[in-house]
Amino acid sequence: MNNKLKDTIEWFDEYHQGARYGLEGKVLRQEESNFQTITIFESIKYGRALLLDNCWMTAEKQEKHYHESLIHPALCGSKIIDNILIIGGGDGGSARECLKYEEVKSIDLIEIDSKVIELSKKYLTSILGDGWTDSRLNIKIKNGIDWVKTTKNDSYDVIIVDGADPVGPAKELFSHSFLNNCKRILKPGGIFATQSESPEAFHEAHINIVNSLRQIFDFADPLYGSVPIYPSGWWSWTFASMKEANYLYPLESRIIEISKNCQIWSPRWQKGAFSAMPAYIERELIK
Ligand code: SPD
């Protein structure tokens, strides 16, 4: 952090249910888009960070916890990974993890808010960097709900939902109709993956999304890990599929290709993270 910034340091906190989650640093930019308040914050501990409506979305020096957890169980598990759909993910972190796989032919990234992409490209340069110009990445500024509604059956090998918390514009990403459309447009053998909130700070939302996915797909399992800047620091991602729970079994060739380039994800970590389900959560999930 430069000296000028040191003189003007302040705390930025996300408030959630009587607790606050904050970082020390400096607001670099704040804008009202058509959808939300977007803040770029330069933090001392985790580098530059993005907030939407005053909630932490990502930070350069710890985003790998979130993005590797969301992407690799899905992309290592699905036999075919030609065509990927990412709903949300405007900071570019999920796309970066998908672009690590040579087999991936195309990624449709559907982000509702062009300002999120514009500011991420400008300020969060360490996240996707040159990857923004990768010819496999197709960015569309569209509503993800409409996108899945109007996409034809069996279109994608993997679907990733990288949205915000289920309030405001992201609420619909947790609805049965959205999830049913995701199942419809997923190819046979494909994998669906979504961020599924904190089992502590967003307990009800977490239980609801896992149970909804268990009603819609043959298999759905949450994986637990940490994202230090999110409420409670304890987070989850849930994977779903038909016929077999292939997200539990990373393919050997992909492990070899990917694990050397990961900070958090490894087959060993994944196995533990799927198993680390607290007893009280297990009791609330439908089988
Ligand atoms: N509480 C924050 C949940 C945000 C999940 N999405 C973050 C986007 C990172 N690409």
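Just so it is clear, the structure is predicted and the values come from calculations on it, not from any experiment. In each ligand, atom 1 is the first atom listed, and ligand 1 is the first ligand listed.
Under the 4.0 Å criterion applied to side-chain N and carboxylate O atoms, E63 and R96 are assigned as salt-bridge partners.
Each of W56, M57, Y66, H67, D91, D162, G163, D165, Q195, Y230, W235 has a non-hydrogen atom positioned under 4.0 Å from some atom of ligand 1.
Between Y101 and H72, a ring centre-to-centre spacing shorter than 6.0 Å is recorded.
Contacts of Y230 classified as ring-ring contact (aromatic ring centres under 6.0 Å, His included), with partners at least two apart in sequence or in another chain: Y66, W235. In terms of the salt bridge (Lys or Arg N to Asp or Glu O under 4.0 Å) criterion, R184 has no residue partners (sequence neighbours excluded).
A donor-acceptor contact under 3.5 angstrom links the side chains of D113 and S33, judged on distance only.
Within the structure, no pair that satisfies the ring pair (Phe, Tyr, Trp, His ring centres under 6.0 Å) test touches residues 108-164, not counting sequence neighbours.
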